[in-house]
Amino acid sequence: MNRMYQEKLKIDWIAVGLWAFLVVFGWLNIYAATYNEEQAAVFDLATFHGKQLLWIAGAAVVAVLLMFTEPRVVSNTSYVIYGVVLALLVVTLFIATVSHGGKSWIDLGFFRLQPSEFAKFATALALSKYMSTIGVEWKQTGTKVVAAAIVLIPMALVFLQHDTGSALVFLAFVLPLFREGLSGVILIVGVAAVALFVLALLVNKYILLGALAVLAAAYLFIWLNKRTSRDWWRVAAVLVCCALFVFSVDFVFNKVLEPHQRERIDVLLGKSEDLQGAGYNVHQSKIAIGSGGVAGKGFLRGTVTKADFVPEQHTDFIFCTVGEEWGWVGCTALVGAYVWLLVHLISMAERQRSRYARFYGYCVASILFVHLFVNVGMVIGLVPVIGIPLPFFSYGGSSLIAFTILLFLFIRQDANKNQLL
Amino acid sequence: MSDKYADRGRVVKAIFIVVGVLFVGRLAMLQLFDPHYRQLADQQALRNVTQYPARGFIYDRHGELLVHNEAVYDLMVIPRMVKELDTAYFCQCLGITVDDFEARMKKARKYSPYSASIFMKQISKEEYAKFENKMFRFKGFYISQRTLRIYDRPIAAQVLGYVGEVDQGDIDRDPYYRQGDYIGKSGLEKSYEEVLRGEKGKKVMHVDVHNREIGPYLGGTLDTLPVEGGNLYTTLDADLQQYAEGLMANKRGCVVALEPSTGEVLAMVSAPCYDPNLLVGRIRGENYLKLNADIAKPMLNRALLGQYPPGSIFKIAQSMVALDLGVISPGTGFVCDKSLVGCHNHPSATCVREAIKMSCNPYFYQVYRRVIQQGKYKSIYKDSQYGLTVWRDYMLRFGFGQRLDIDLPKSGVSRGNIPDTAYYNRWYGKERWAFSTIYSNSIGQGEVTVVPIQMANLAAIVANRGWYITPHVVRAYGPDSTRDARYLEHHETGIRREYFDIAADGMYDVVHVAGGTARRARVEGLDICGKTGTAENYGNDHSVFICFAPKNDPKVAVAVYVENAQGGGGTWAAPIAGLIVEKYLCGEVKRKDVEKMYREVEPCQKLPLTRRVKKKK
């Protein structure tokens, strides 16, 4: 054991480098988004970019400190951390400061803590711990129930804070579970459900169902053989489920979703073009990005993003600044960096010897992925507006530090992956 | 530990990569293939502020400023930014009613709630001074400076022209103009528009979502400074112009004074005149309607547009043509046979010089017959056709029957009429007319019409003894004092100088010798050479006179045309021309009583205009 302790850390510098690139590039864009000529000072705590500089320093300190922690300690305290965060989430519900229609911030005076940001990695730790417990296998029904509970409890609490975006991030845990045995059907069903939902809103429901029935019949008759003829009842069951789903769409859309969510979906689907109201943000963000062209207008030379046309410019809509000032080349580089990091994290996870570390690696990649997908998707008009930050990039202390902890816990574990926990 | 799901990692990686590619593709759609967004971004975040250059000045021949600019202020409004306005106080400052305020705001809002439009046009310096220091209380309003024309002397309105807002036609014709810009509408303002207007400058301002200016876009590197309009250095003599306008008061008609050696227009008067200051600023619209409705058509420049029968002054050109053709000689005499054409009582002319002096109608009947029927063909019809063609070629060389290429808008210049064979063929049929049909032309009546500028040019041709330079109003323009090559070129009539000496002698006699028709044009000490004309028409005769002086070193050539005067050329036009020559050559008119008389007397009948001018408009 001592020998293992003294083993030299093999830090994965690719992951660290990508993290650094995202943080620095992010800061440059926050600086550009909030820049004005009178207050051009780089370090000024009255400005967002000045504060972000402080958070970046804090995040770097946290990252270095994490390198000196013993992964086993973290692993062993997973449930404790999970418990503490759950408690914080509950407390938040009662004493939260209301901001942007959600109540997810605890005002600590100098700093506004957002426990939901920490709930992600706490859940990741707890779920990893549980899934790596000896004897726990996905096949067992009990495992499924407990795993679902571990994810759904914090998700529900975050949802109660009216932070739909952060709640949706918990869906990310489907991917690590998929790796551990969760049926792939669930992914297909998920994608199909989204597609059906959209189609149900856009197309007449009876025509949609008729088309589905024709498809089903075609499946049965064109590939008619022993197997398909045995499958007819399954196809019929799927069809019935689809029908039920399609008819429930109206109900969900009108009764479950809140008005602003309905509007955002309408805008995305092009059913409403309220450029001054619900559609304003996305319209402006598309203008900002679209006007960037191939190579962008140049650093600090954006016209749309520098004139408050896009709200939440430095937080959720930070990607606009990249689009306007750095153009398609910059956007591609940024998306490329993210995808590289995600793919690299999966590779790292696969080389772990412990199931705990592997599962946790998948969690990290998946959480980052959902953030990337929802945030960039929203800004470029592929996903309805859901306010969640772009990891390492958006302005915000809680989110930057929480994401840094999330990532560096894994980098630390990877650094001596040969150590068995 | 068995791991049968190990290859699911690839599925997850594939999902990540597919989403990444999807994003990059979508970004390409937005950024590479849709220029629409760039336009939208520029539209909302950049504001082009036009910087108007001052319009060029106009000077007279002695460097006196005729036209310059005065600053006025347009009150602009951005309706969305109007906040906490004390409407009553605001209206009081501007001197408008609250209803008026509402109407103006409504109009501005209709144009655009977010961008600036004109709330009130052309506020004078004095009015602006009253509320300048209160502007800070009127959020959403700001002042934009423009310039208006100002004329220190109320003269030469028709020559200078006026400036007005562009219409859609101007905008379509020249993309330089934007709605609300000003453009020269007539006169020099129109013909030298491109010199006078200068070049607009542009400031690109970066504005934020609230339409506040953040600063110059890209540090002002896209901005351009306005280029001041170029000046016009005209050939007009302001004193002479004003004097001539004074003499033409209460009359209808026109005066043109040229410098024969250069073709420069010294004065160009079209009466009735009007004060050019009437067509400036906020009073313009109302005054324009009034002037336009006036039956005397004060806005027409009769000197260029009027097509009048020239009357007897035409005899000078006729005699030159006949002499050059050799159909008469300087010593040819004709009996004053009143059976051919009417005449006044005088002894028969024994030579060309005498014929001019006495303006004998039968004499020029005979002269013109010899020009038209030269006996080249047996058929008088064919002979007349030939003669008319030859005659017309000569007349064109005098600048008649064609649009003189003066530097004023072409649409305001008439050709006059020197009929050709096609003209008579159309009227009478081919070979159905001969000299006897067209003889009225011989004495400047009939089908011949001449524009006053051409009459003055005729005087200049005699003064120069056979050539002219196209009359023009601007000697040089712009920062480099550019000169127009068109106005340096001599146009020769091709007629021998001796013949013009005869004409000059005859014209001298007209004024100075007993039996001459224009003794009233005589000025002590000046050898003015002139020719009267009395043009018959529907109303009273028009009174015409052309002259030049001094005889052997001509400095000035003048044509005066008084419409429907009760009396001949000698009665009205000649004395007015005499006064103008005296004013120009001596600087001062000594005959104050004569001057006073012609200023005050009103010869014109209250008649509608002559038919031809009326038809033109």
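Below, read A as the first sequence line, B as the second, and so on, with proteins coming before strands; counting in each chain starts at 1.
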For this session: Report yes if the side chains of B/Leu40 and A/Lys286 come closer than 4.5 Å at any heavy-atom pair, otherwise no.
Result: no

For this session: For residues A/Val304 and B/Ala41, report the shortest heavy-atom separation together with the two atoms involved.
Result: CG2-CB, 3.4 Å

Exercise. Distance from B/Tyr5 atom OH to A/Glu180 atom CD, nearest 0.5 Å?
Worked result: 9.5 Å

Exercise. Roughly how far apart are A/Trp326 CH2 and B/Gln31 CD, rounded to 0.5 Å?
Worked result: 13.5 Å

For this session: Name the region of B/Leu32, side chain, backbone, both or neither, that has any atom closer than 4.5 Å to a heavy atom of chain A.
Result: side chain

For this session: To the nearest 0.5 angstrom, please state how far the CD1 atom of A/Ile289 sits from the CE atom of B/Met29.
Result: 12.5 Å

Exercise. Should the ring pair A/Phe373 and B/Phe23 be called parallel, tilted or perpendicular, given that the plane angle runs from 0 to 90° and is split at 30 and 60?
Worked result: parallel

Exercise. Above 12 or not: heavy atoms from other molecules or residues under 6.0 Å from NZ of B/Lys134?
Worked result: yes

Exercise. Would one find more than 12 heavy atoms of other residues, nucleotides or ligands at under 6.0 Å from atom NZ of A/Lys144?
Worked result: yes

For this session: Assess whether atom CZ of A/Arg351 is packed by more than 12 heavy atoms of other residues, nucleotides or ligands within 6.0 Å.
Result: yes

For this session: Starting at CG of B/Asp42, measure out to OG of A/Ser291 and round the result to the nearest 0.5 Å.
Result: 7.5 Å

Problem set entry | Other residues, nucleotides, ligands: >12 heavy atoms within 6.0 Å of B/Glu102 CD | yes

Exercise. Can you list the steps and then say if A/Trp328 with B/Leu30 is a side-chain contact (heavy atoms from CB on, under 4.5 Å)?
Worked result: CA-CA 9 Å; A/Trp328 187 74; B/Leu30 290 177; over 6 Å; no

Exercise. In terms of heavy-atom contacts, does CH2 of A/Trp340 have more than 12 from other residues, nucleotides or ligands at under 6.0 Å?
Worked result: no

Seminar exercise, completed: Assert top hit (heavy-atom pairs under 4.5 Å, partner chain B, pool A/Leu345, A/Leu382, A/Thr332) equals A/Leu382

Exercise. For B/His206 and A/Gly302, which heavy atoms make the closest approach, and how far apart are they?
Worked result: CE1-O, 3.8 Å

For this session: Go through the atoms of A/Leu334 and report whether side chain, backbone, both or neither lie under 4.5 Å from a heavy atom of chain B.
Result: neither

Problem set entry | Minimum-distance pair of heavy atoms, taken over all atoms of B/Phe16 and A/Ile346 | CE1-CG1, 3.6 Å

Problem set entry | Pairs of heavy atoms under 4.5 Å with chain A: top-ranked of B/Leu46, B/Asp34, B/Val21, B/Val24 | B/Val24

For this session: With rounding to the nearest 0.5 Å, note down the distance linking CG in A/Leu187 to CZ in B/Arg8.
Result: 8.0 Å

Exercise. Is it the side chain or the backbone of A/Tyr362 that comes within 4.5 Å of chain B heavy atoms, both, or neither?
Worked result: side chain

Exercise. Checking heavy atoms, do the side chain of B/Val19, its backbone, both or neither come under 4.5 Å from chain A?
Worked result: side chain

Problem set entry | Results of side chain to side chain contact (heavy atoms under 4.5 Å, CB included) for B/Ala14 - residues two or more places apart only | none

For this session: Measure A/Ala288 against the heavy atoms of chain B and call it side chain, backbone, both or neither at under 4.5 Å.
Result: neither

Exercise. Does some side-chain heavy atom of B/Val11 sit less than 4.5 Å from a side-chain heavy atom of A/Phe178?
Worked result: yes

Seminar exercise, completed: When rounded to the nearest 0.5 Å, the distance separating CD1 of B/Ile17 from CG of A/Leu342 is 10.0 Å

Exercise. Does the side chain of B/Lys13 reach to within under 4.5 Å of the side chain of A/Glu350, using non-hydrogen atoms?
Worked result: no

Seminar exercise, completed: Looking only at A/Ile380, A/Val335, A/Val343, most heavy-atom pairs under 4.5 Å shared with chain B are made by A/Ile380

Exercise. Counting heavy atoms not belonging to B/Lys200, are there more than 12 under 6.0 Å from its NZ?
Worked result: yes

Exercise. Does atom CZ of A/Arg301 have more than 12 heavy-atom neighbours, drawn from other residues, nucleotides or ligands, at distances under 6.0 Å?
Worked result: no

